[in-house]
Engineer: 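Before I ask anything, let me first share the structure, which is written out below as structure tokens.
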Amino acid sequence: MLSHAEYRAIVTKQRSGLRALLWRGLFRVVSWPYGLAMRWRNRGYDRNPAKTTRVAVPVVSIGNLTLGGTGKTPLVEWLCRWLREQGVRVAIVSRGYGAEDGATNDEARELEEKLPDVPHVQNPDRIAAATLAIEELATQFIVLDDAFQHRRIARDLDIVLIDATEPFGHGYVFPRGTLREPLSGVSRAQALILTRADQVSATERAAIRARYLELAPQAIWAEAAHQPVSLRDANGVEAPLTLLQNAKVAAFCGIGNPAGFRHTLTELCGELTELREFPDHHSYMREDLDQLSDLAKQQQAELLVCTHKDLVKIGVTALGGMPLYALRIGLKFLSGEEELLAKLRSLLELIPPEDHSLEFAGP
């Protein structure tokens, strides 16, 4: 069985040799029926609009074409904060991937800390989740998290995020590449946001934009950076980023694209001694934490740093006597924000008027 790191090294061609070549050949064979199945599924929805259910409030979907992290959580946070500033009651609806029965997953716990006034309803049946949010929580606006491929709910705006460091999923659908569906599927999107845009050159950004707008010429185009905000421990105590500048730091993460986390940390740290990678949505066991403590000691690190998504699962302020912090990340638009906001403002007009007819008027 391949580890997450080995799989990424093979599909990105970082690993060469006969064994890697054989794996890529096998992955490509398996990817053919997967790609055909996705095309057939999308064609079914395109030809039969009745398969899609429209709920009673405006819906925005945030998703991507590739597996792994493209920055959906920072965008969900940005969008929900903006909606709350407009006085809108918003709820997040997601499938709850990786959650145990009766519990929420790591992304929901992370968003709950950041957005305590925004309910997050998780259910594999997202129509049921949206209905519950509307009928029981008086929600006026639904944000669908990680839902570009979930086509059962009609949406008023489909936002697709593109990671500038891996913009095309290495050219293949899973498992040969990291595309969730053929690249042509992006034609359904009404807005495209290039995340981690500051991590590639202007020439590369222009080439990515040209390719995607060729496939989705109607889409709004925006570019954004993942901006470090602060450090935060498991008790919610924040520390400035300057704490990293003169420190020897060991780090770990269980996210879809660890390369972006590495890039950000490298720019902030005095010295990054180690970055241990775990699979996306990894459930940390005591053995993992003991190994991380030993690793940090061996590297003579002074601090341990992970992502917020990791910290909510671990819930301790130190490992092996060393302080443990999460690096908090926010979204900073580099271009296209006003055009996106204009579209969002138009959706506010779709919110149904409040029904006060059943309110108790007194004796």
Engineer: Tyr172 and Leu179: same hydrophobic cluster, using ILVMFWY side-chain contacts below 4.5 Å?
Structural biologist: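 Hydrophobic grouping puts Tyr172 apart from Leu179.
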
Engineer: Distance to the ring centre below 6.0 angstrom and angle to the axis at most 45 degrees; does that hold for Lys313 and Tyr284?
Structural biologist: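 No cation-pi geometry.
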
Engineer: A side-chain contact here means heavy atoms from C-beta on lying under 4.5 Å apart; do Leu79 and Val60 qualify?
Structural biologist: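 Side-chain contact under 4.5 Å: yes.
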
Engineer: Do Ile159 and Leu340 have side-chain heavy atoms sitting under 4.5 Å apart?
Structural biologist: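 Result yes, sub-4.5 Å side-chain heavy-atom pair found.
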
Engineer: Check the pair Tyr7 / Trp23 against ring pair (Phe, Tyr, Trp, His ring centres under 6.0 Å), numbers first and verdict last.
Structural biologist: CA-CA 9 Å; Tyr7 168 74; Trp23 273 115; 9.1 Å; no

Engineer: With a 4.5 Å cut-off on side-chain heavy atoms, are Val316 and Leu324 touching?
Structural biologist: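 Heavy-atom side-chain distance check passes, below 4.5 Å.
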
Engineer: In terms of side-chain heavy atoms, does Gln199 have a donor or acceptor partner in Thr165 at a distance below 3.5 Å?
Structural biologist: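 Absent: no donor and acceptor within the cut-off.
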
Engineer: Would you kindly say whether Thr66 and Asn64 are connected by a side-chain donor-acceptor distance under 3.5 Å?
Structural biologist: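 No.
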
Engineer: For Met285, does its backbone N or O pair with a side-chain atom of Asp288 as donor and acceptor, under 3.5 Å?
Structural biologist: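 At least one qualifying donor-acceptor pair exists.
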
Engineer: Partners of Ser346 by side-chain contact (heavy atoms from CB on, under 4.5 Å), sequence neighbours excluded?
Structural biologist: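 Once residues adjacent in sequence are excluded, the partners of Ser346 under the side-chain contact (heavy atoms from CB on, under 4.5 Å) criterion are Lys343.
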
Engineer: Does the side chain of Arg262 reach to within under 4.5 Å of the side chain of Glu277, using non-hydrogen atoms?
Structural biologist: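 Heavy-atom side-chain distance check passes, below 4.5 Å.
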
Engineer: Could you verify whether a donor N or O on one side chain and an acceptor N or O on the other, from Glu204 and Ser201, lie under 3.5 Å apart?
Structural biologist: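 Indeed, the side chains of Glu204 and Ser201 share at least one donor-acceptor pair under 3.5 Å.
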
Engineer: Supply the members, apart from Val229, of the Ile/Leu/Val/Met/Phe/Trp/Tyr cluster built from side-chain contacts under 4.5 Å; use none for a lone residue.
Structural biologist: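 Joined to Val229, directly or through intermediates: none.
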
Engineer: What I want to check is whether the side chains of Asp310 and Thr307 have a donor and an acceptor closer together than 3.5 Å.
Structural biologist: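 On atom types as modelled, these side chains qualify, holding a pair under 3.5 Å.
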
Engineer: What pairs meet the salt bridge (Lys or Arg N to Asp or Glu O under 4.0 Å) rule with one or both residues in residues 219-238, with sequence neighbours excluded?
Structural biologist: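 Those involving residues 219-238 are Glu113-Arg232, Arg205-Glu223, Arg232-Glu238, Glu238-Arg328.
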
Engineer: Are the side chains of Asn42 and Arg151 in contact, using a 4.5 Å heavy-atom criterion?
Structural biologist: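 In contact.
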
Engineer: Once you measure the plane-to-plane angle for Phe168 and Tyr212, does it fall in the parallel (<30°), tilted (30-60°) or perpendicular (>60°) bin?
Structural biologist: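 Rings of Phe168 and Tyr212: parallel, under 30°.
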
Engineer: Can a side-chain donor-acceptor contact be found between Gln190 and Gln218 if the only test is distance below 3.5 angstrom?
Structural biologist: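 No pair is found: no donor N or O on one side chain lies under 3.5 Å from an acceptor on the other.
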
Engineer: Return yes if a side-chain donor-acceptor contact under 3.5 Å exists between His120 and Ser94, otherwise no.
Structural biologist: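 Yes.
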
Engineer: Report yes if the side chains of Ile153 and Ile142 come closer than 4.5 Å at any heavy-atom pair, otherwise no.
Structural biologist: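 No, side chains not in contact.
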
